[in-house]
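What follows is a short report on a single structure.
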Amino acid sequence: MSKALPKRSENYSEWYNEIVKRADLAENSAVRGCMVIKPYGFAIWEKMQRALDDMFKATGHQNAYFPLFVPKSFLEKEEEHAEGFAKECAVVTHYRLKSDGSGGLEVDPNAKLEEELIVRPTSETVIWNAYKGWIQSWRDLPILVNQWCNVVRWEMRTRLFLRTAEFLWQEGHTAHATEEEAVSETHQMLGVYAEFAEDWMSMPVVQGIKTPSERFAGAVETFCIEAMMQDGKALQAGTSHFLGQNFARSFDVQFVNKENQLEYAWATSWGLSTRMMGALVMAHSDDNGLVLPPKLAPIQVVIIPIYRSPEDLATISEKIGPIIGELKAQGIAVKYDDSDNQRSGWKFAEYELRGVPVRLGIGMRDLENGTVEVARRDTLTKESRAVDFEKPEEFVLGIKLLLDEIQENIYNKALRFREDNTFLVDTWDEFKEQIEKGGFLMAHWDGTAETEAKIKEETKATIRCIPLISDEMAGKCVYSGKDSPKRVLFARAY
RNA sequence: CGGGGCGUAGCACAGCCUGGUAGUGCGCACGGUUUGGGACCGUGAGGCCGCAAGUUCGAAUCUUGCCGCCCCGACCA
């Protein structure tokens, strides 16, 4: 195995694949299109889950679990929804195998299911089928439920984390008595996603509305957060849908309102997936490997002893005991790597590859001088810091502040990158030229699906969203020259 | 589903054209010298050469079929 990663600037997609594998996040499995998430990668996902789950709970949601299998008849009920997902469904047709007589197994033709089961690509239908039994009165509302699970979408072409046939996610499904409340829920959860992306992943996002062509199948309105990757492409990082009464109608979920009239319930759904792992890699990492925001790093501080003899190691291990204790007391995830099968230089490179935000190097010289070498992953700089090995509180406080600083620094770096690569574009020639260079293009659009499709056909750029926050004035469509109320965000996307 | 590439040790690959003892590097095990940015020396273990059929005295190598994976496109989060 070669030591150096492919260069980000030379082959971005190979660079991405190599980081995912070499940083031990995930690998391709024997099953086509499905990945194995390795312990280190899963530890990051668990941190994401924890952060999001806490935010869901804080906004009044509860977790539940619904079946993996969706009867075909359920999926059929909402027409647009059915049409949207039909092309990518895995279908269970039998419930038994039998011996084929030569040591193998074959599907038992006598065990055909009366009704095929779809492996869920999303759970609106099963959940709304269940909600029918939960909702009678306005007093039963709202229902604010989330589930953490896997889903299957049979993709033609897959990439680790970014697009896999099976992936992990959370899907929130809420039911409300009024349209206003459901709309407000949709916005609230979009806000939660944006906050998660920015505060935890240090990844700035644009919040916006999807155009009808990019809308979730069955939704009235789809909201999204879009992030810019380091190659200038956009990545949809989370979606929140206002479903109107579409699913309530399809599954006949009516309730009695305060005026004693029957009314269909209002719905939302929102999801965020392991795709975020891919976003995390592509937002911050460099040619030395992964760069993790401290808040999501499974190991926030790694301590590497530098020694010659076992006696030196024993001395160092004893001396740094209080530092490790104080780091843990401050809630910092610390790893002391005293393994003797690799040398310190190897460990430096390895923890850099894995994106550990802060590395402490301690050798005999440090013990004499009362110092520790502090290296930060985001800037690849290092400095010698004074420490009282007996009373390390002050030193550890400094490390804690450093972690905060790194969290903020990589956010600012990503934000600056996005700003430097976001362009106001007013002519079609400019558009065509700039899209080749990458980045976000803010341009006027006449609001028609025809223009949107033409632009996609000619440039592969899609409207990522109509940004919610915008002080743009009206103008003329960059393609058709017709009137446009405001600029929309164009980009090539993952 | 089209176009390209690849299946040989845990990993990365050579060998195949021109059939004849299965190799190299990394990793692994043991021993020694080392240790402030991916150490070195020695010894050793590890292979149904993707699967199947065929040609041949003999197949990793030639022929046919199958399977799988990766990359690039169309579809999608």
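In what follows, chains are A, B, ... by sequence order, proteins preceding strands, each numbered from 1. Note that the structure is predicted; figures quoted are calculated from it, not measured.
Evaluation of the side-chain contact (heavy atoms from CB on, under 4.5 Å) rule for A:N150 yields A:L68, A:R120, A:E166, A:L168 as partners, not counting sequence neighbours. Under the rule for a salt bridge (charged side-chain N to carboxylate O under 4.0 Å, His left out), A:D388 has no partner lying at least two apart in sequence or in another chain. By the ring-ring contact (aromatic ring centres under 6.0 Å, His included) test, A:H81 is found to be paired with A:F85, A:F216, A:F247, residues two or more places apart in sequence or in another chain being considered. Every side-chain contact (heavy atoms from CB on, under 4.5 Å) that A:E80 has, sequence neighbours left out, goes to A:E78.
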Atom pairs, N/O to N/O, protein against nucleotides 65-69 of chain B, distance under 3.5 Å?
from: B:rC69; atom 1: OP1; to: A:R32; atom 2: N; distance (Å): 3.3

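The stretch residues 30-54 of chain A participates, sequence neighbours left out, in these salt bridge (Lys or Arg N to Asp or Glu O under 4.0 Å) pairs: A:D24-A:K38, A:E27-A:K38, A:D53-A:K57.
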For residues 194-207 of chain A, please give each side-chain donor-acceptor pair under 3.5 Å, one per line with the distance, not counting sequence neighbours.
from: A:E198; atom 1: OE2; to: A:V205; atom 2: N; distance (Å): 3.0
from: A:S202; atom 1: OG; to: A:Q407; atom 2: O; distance (Å): 2.7
from: A:S202; atom 1: OG; to: A:Q407; atom 2: NE2; distance (Å): 3.1

Using atom types as modelled, flag every donor-acceptor pair under 3.5 Å from a side chain in residues 223-234 of chain A to any protein atom, sequence neighbours excluded.
from: A:E226; atom 1: OE1; to: A:R464; atom 2: NE; distance (Å): 3.2
from: A:E226; atom 1: OE2; to: A:K210; atom 2: NZ; distance (Å): 2.8
from: A:Q230; atom 1: OE1; to: A:R8; atom 2: NH1; distance (Å): 2.4
from: A:Q230; atom 1: NE2; to: A:M282; atom 2: O; distance (Å): 3.2
from: A:Q230; atom 1: NE2; to: A:S285; atom 2: O; distance (Å): 2.8
from: A:D231; atom 1: OD1; to: A:K233; atom 2: N; distance (Å): 3.1
from: A:D231; atom 1: OD2; to: A:Y494; atom 2: OH; distance (Å): 2.6

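Remark: A:L162, A:R163, A:T164, A:F167 in residues 158-171 of chain A come within less than 4.0 Å of RNA chain B through at least one heavy atom. Contacts between residues 285-306 of chain A and RNA chain B, defined by a heavy-atom separation below 4.0 Å, involve A:I306, listed by number. Looking at residues 333-356 of chain A, you'll see A:R343, A:S344, A:G345, A:W346, A:F348, A:A349, A:E350, A:E352 sit with a heavy atom under 4.0 Å from some atom of RNA chain B. Of the residues in residues 358-367 of chain A, those with a non-hydrogen atom less than 4.0 angstrom from any atom of RNA chain B are A:R359, A:G361, A:G363, A:M364, A:R365, A:D366.
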